Amino acid sequence: GGEDQEAPALSQAELKKQSMQEVRRSLPIFPYREDLLAAIHEHQILVIEGETGSGKTTQIPQYLLEDGYTKGGMKIGCTQPRRVAAMSVAARVAEEMSVKLGNEVGYSIRFEDCTSERTVLKYMTDGMLLREFLTEPDLASYSVIIIDEAHERTLHTDILFGLIKDIARFRPDLKVLVASATLDTERFSCFFDDAPVFRIPGRRFPVDIFYTKAPEADYLEACVVSVLQIHVTQSPGDILVFLTGQEEIEACCELLQERCRRLGSKIAELLVLPIYANLPSDMQAKIFNPTPPGARKVVVATNIAETSLTIDGIIYVIDPGFCKQKSYNARTGMESLIVTPCSRASANQRAGRAGRVAAGKCFRLYTAWAFKHEMEETTVPEIQRTNLGNVVLLLKSLGINDLIHFDFMDPPPHETLVLALEQLYALGALNHLGELTKLGRRMAELPVDPMLSKMILASEQYKCSEEVLTIAAMLSVNNSIFYRPKDKVVHADNARMNFVVPGGDHLVLLNVYTQSGHSTQWCYENFIQFRSMRRARDVRDQLEGLMDRIEVEVVSSQEDSVPIRRSRSGYFYHTARLSKGGYKTVKHQQTVYVHPNSSLFEEQPRWLIYHELVFTTKEFMRQVIEIESSWLLEVAPHYYKSKELEDSSSKKMPRKQGKTKEELG
DNA sequence: GAGCACTGC
């Protein structure tokens with residue numbers, strides 16, 4: 001001993017805290033801290049234009065907290081379009097504040113609430129905040145709401161715009177921040193009654209953009225050639241190629257591998273890696289492995305690499321300028337997924353992926369003229385491309401009766417709203433005045449499409465809610481449950497055949513779920529997508545948890561499929577009858593076909609109900625179940641005239657059947 | 001006999 005100790009050395013934790021504060025102070029947003037707080041103090045609504053890497057998402061809530069906006073336990077809420085972002089940003093902020101995640105800083109996403117009584121900084125998905133309106137219509141527990149990534153214009157964000165603008169009028173103490181990338185901030189400002197725009201620069205490297213001199217006839221081939229050219233002529237750095245879907249990506253990867261094989265040792269090693277959302281996780285993870293020295297990595301991706309994930313080391317981007325986009329035709333109720341030219345905003349986002357670590361280059365496989373004249377400025381917002389049944393039900397249950405005049409930033413097509421209202425009326429969720437019924441109120445509690453929630457509520461009377469909950473969960477998993485890799489098509493189809501039971505696809509799905517071991521091993525052996533099964537189980541658990549609140553008893557019909565199929569007739573809007581060559585929808589006499597993947601593809605029953613109508617090569621009904629036409633009159637006498645249900649192809653049908661119309665009134 | 005962009009409650 002005997003040594004004089006001066007001030008005690010800083011502990012590990014304190015050192016870490018200090019360096020973290022240094023990082024915070026080095027962010028581009030830091031010099032703007034005081035001005036930003038002053039602007040927020042002065043204005044109720046502020047649009048914040050901040051590029052990626054400015055630090056706005058992690059810092060602004062902390063600045064507000066430091067400035068006293070959480071006094072008295074008031075919360076600061078910040079929405080994100082994606083679950084992963086909400087989780088990871090919350091974790092980062094908790095670390096910066098040296099608190100345990102879930103205490104002062106937390107997040108809330110579907111299936112997972114990581115918040116507590118103490119939580120004052122709450123990150124959440126935009127859909128989650130939308131649901132919160134149901135329990136707290138004025139958001140009274142919040143002092144600030146931040147809508148982040150507003151430029152993405154997700155369906156939920158767009159609805160939030162209208163609702164928040166409305167409550168801001170009678171809650172002058174509520175601060176609203178709309179944060180967006182450099183895009184369209186004027187439009188946001190205009191929508192929010194000329195709210196001022198506060199600009200924060202980002203930290204990005206320059207990206208040189210190159211166009212082709214003439215349009216490319218075959219963009220897949222052009223991609224392959226460009227990759228090889230970059231590989232041979234350009235300095236080190238990985239390549240990111242944007243294609244539209246799995247099939248294209250597989251084809252591109254195969255072509256690249258084949259040409260590299262042919263060139264052999266004449267060129268350096270090229271690692272070719274595909275990435276798309278449906279790719280099994282272990283294969284997805286490969287894109288993040290560091291590139292070995294001397295080699296080059298090329299990642300061939302869908303739009304997933306545009307926003308959802310970032311790959312380090314990308315210096316070169318190849319952009320053919322196309323993407324797959326969903327659209328919805330409200331006149332026919334049909335969805336389609338079509339390859340379309342992407343927007344200029346999307347093209348710029350793609351190019352930006354080349355400038356995250358160093359200066360980069362983007363090769364656009366179209367002409368500068370096409371960029372300027374043939375591409376739309378921004379992508380059509382989701383609200384204008386989708387079925388709105390769910391959203392309309394939610395807004396109705398928030399007491400918004402006049403949806404036609406709701407303050408949408410970009411209103412959906414009139415027909416989409418009308419069809420949604422019509423269907424809700426037909427389901428009994430709305431009365432003839434367009435007001436929510438008791439049934440509608442119960443339906444709104446369930447986070448599924450109205451026709452699925454109707455099915456769940458109908459199952460009560462047929463005593464088969466246990467089974468119907470499972471079917472609803474399986475149907476709301478939009479991906480195919482069945483895994484069908486190209487090289488094992490026969491095995492996969494055999495595995496699938498093992499699950500087939502009579503009655504229709506819904507019963508097959510029920511069978512898969514019932515037999516499922518839910519383990520990765522079981523799924524792998526049975527050619528079932530593990531991720532889809534896990535999701536179905538999560539959805540089912542959530543729905544089952546809500547049954548108490550809507551007063552539905554969870555009971556099983558055991559082996560009997562009739563009650564299950566009867567519950568399904570809640571889907572009477574989606575009825576089709578066999579007619580020569582295919583089917584005709586009962587309501588619009590539209591010609592449609594059973595999807596070849598359906599278990600009823602060969603049986604062709606006289607009457608069936610389909611889950612969805614999708615246009616690909618033909619008008620296909622996906623997920624169909626056999627029913628009896630008499631059930632339809634039972635569940636929807638107000639909707640069907642018995643004449644429509646007469647079976648003209650059957651000579652056995654007695655003519656007096658038509659009288660039931662009068663009998664049913 | 002066809003085929004699955006991406007999110008989210």
Side-chain angles (χ1 to χ4, degrees), chain A residues 79-86 108-113 124-134 149 152-160 242-251 275-279 301-309 322-327 335-340 342 346 349 379 381-383 385-386 389-391 393-394 397 444-450 452-453 472-473 476-486 489 492-493 529 531-532 535 538-539 542-543 545-546 582 593-598 601-602 604 614-622:
Chain A
T79 69
Q80 296 292 320
R82 279 170 293 281
R83 297 159 53 88
V84 185
S108 171
I109 58 179
R110 189 181 185 183
F111 312 130
E112 201 184 339
D113 182 11
M124 62 196 129
T125 46
D126 47 9
M128 226 41 211
L129 183 60
L130 203 51
R131 283 266 148 195
E132 280 194 18
F133 270 88
L134 280 175
E149 312 289 353
E152 288 197 26
R153 303 293 306 276
T154 69
L155 173 62
H156 292 154
T157 291
D158 264 25
I159 304 295
L160 284 175
F242 283 101
L243 289 174
T244 67
Q246 179 176 345
E247 214 175 280
E248 250 177 42
I249 289 172
E250 280 170 357
I275 180 104
Y276 45 87
N278 266 342
L279 192 72
T302 58
N303 259 358
I304 195 172
E306 204 179 288
T307 48
S308 302
L309 53 89
F322 291 96
C323 64
K324 264 189 195 163
Q325 256 199 356
K326 197 173 94 168
S327 63
E335 286 181 345
S336 46
L337 200 57
I338 294 169
V339 174
T340 42
C342 65
S346 177
Q349 175 75 20
T379 309
E382 191 185 359
I383 197 170
R385 296 184 282 116
T386 195
N390 217 354
V391 163
L393 187 60
L394 184 88
S397 60
E445 295 278 341
L446 305 176
V448 290
D449 280 339
L452 283 181
S453 50
S476 61
V477 174
N478 40 6
N479 283 329
S480 172
I481 285 280
F482 300 99
Y483 179 54
R484 201 164 179 266
K486 239 198 204 159
V489 166
D493 288 349
Q529 301 247 24
R531 256 183 303 188
S532 305
R535 193 176 159 79
D538 285 342
V539 173
Q542 188 191 24
L543 292 176
L546 290 165
Y593 304 89
V594 176
H595 196 277
N597 279 350
S598 166
F601 180 64
E602 272 159 23
Q604 306 272 321
V614 180
F615 183 84
T616 49
T617 52
K618 263 183 178 176
E619 295 83 353
F620 284 118
M621 298 178 280
R622 270 207 206 130

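Heavy atoms only: backbone and side chains are in, while hydrogens, waters and symmetry mates are out. Because the structure is a prediction, the values reported are computed rather than measured.
- Residue A:Q246 is classed as a base contact, given a heavy-atom separation below 4.0 Å to a base.
- The CG atom of A:D158 sits 16 Å away from the C1' atom of B:dC9 (whole-angstrom rounding).
- Distance A:Q542 CD to B:dC9 C1': 7 Å, rounded to the nearest Å.
- Take the nearest nucleotide of DNA chain B for A:G245 and for A:V448: the residue whose nucleotide is more 5' is A:G245.
- Residue contacts shown for A:K618 are absent, as no nucleic acid heavy atom lies under 4.0 Å away.
- Remark: C1' of B:dG8 and CD of A:E112 are 15 Å apart, rounded to the nearest angstrom.
- For the pair A:T154 and B:dG8, the criterion of a side-chain N or O lying under 4.0 Å from OP1 or OP2 is not met.
- Of the candidates B:dC6, B:dC9, B:dA5, B:dC9 carries the atom nearest the A:M128 side chain, counting heavy atoms from C-beta on.
- For A:R83 and B:dC9, the CZ to C1' distance is 10 Å, given to the nearest whole Å.
- Results of the side-chain hydrogen bond (donor to acceptor under 3.5 Å, both in side chains) test with A:T244 over A:Q246, A:E247, A:E248 single out A:E248 as the only residue that passes.
- Using a 4.0 Å heavy-atom cutoff across all strands shown, A:I304 reaches sugar-phosphate atoms only and no base atom.
- Here B:dC9 is the nucleotide among B:dC9, B:dA2, B:dC6 with the atom lying nearest to any side-chain atom of A:R110.
- A close approach under 4.0 Å does occur between a side-chain nitrogen or oxygen of A:T125 and OP1 or OP2 of B:dC9.
- With respect to A:E152 and A:R82, a salt bridge is recorded, a charged nitrogen being found less than 4.0 Å from a carboxylate O.
- Residue A:R131 places no side-chain N or O under 4.0 Å from the OP1 or OP2 atom of B:dG8.
- A:A86 approaches A:I109 most closely through the heavy-atom pair CB-CG2, 4.0 Å.
- A:L543 places a side-chain heavy atom less than 4.5 Å from the side chain of A:P447.
- To the nearest angstrom, C1' of B:dG8 lies 7 Å from CG of A:D126.
- In this structure, of B:dC6, B:dG8, B:dA2, it is B:dC6 that holds the atom nearest to the side chain of A:A277.
- Heavy atoms of A:I109 sit under 4.0 angstrom from primed sugar atoms or phosphate atoms, though from no base atom.
- Across B:dC9, B:dC6, B:dC4, the shortest atom-to-atom separation from the side chain of A:S308 is found for B:dC6.
- Of the N and O atoms on the side chains of A:Q349 and A:T307, not one donor lies less than 3.5 Å from an acceptor on the other residue.
- Neither OP1 nor OP2 of B:dA2 sits under 4.0 Å from any side-chain N or O of A:R622.
- One atom, CG of A:L543, and another, C1' of B:dC9, lie 10 Å apart when rounded to the nearest Å.
- In this structure, A:A472 and A:L452 approach most closely via the heavy-atom pair O-CD1, 3.9 Å.
- As judged by a 4.0 angstrom heavy-atom cut-off over every strand, A:N303 is placed among residues making no nucleic acid contact.
- For A:R82 and B:dT7, the CZ to P distance is 8 Å, given to the nearest whole Å.
- The listed nucleotides are B:dA2, B:dA5, B:dG8; the one nearest the side chain of A:F620 is B:dA2.
- In terms of position on DNA chain B, the residue among A:S108 and A:R385 whose nearest nucleotide sits closer to the 5' end is A:R385.
- When rounded to the nearest whole Å, the span between CG of A:D538 and C1' of B:dC9 equals 13 Å.
- Ranking B:dG8, B:dC9, B:dA2 by closeness to the A:T617 side chain, first place goes to B:dA2.
- Nearest nucleotide to the A:N390 side chain, out of B:dT7, B:dA2, B:dC9: B:dC9.
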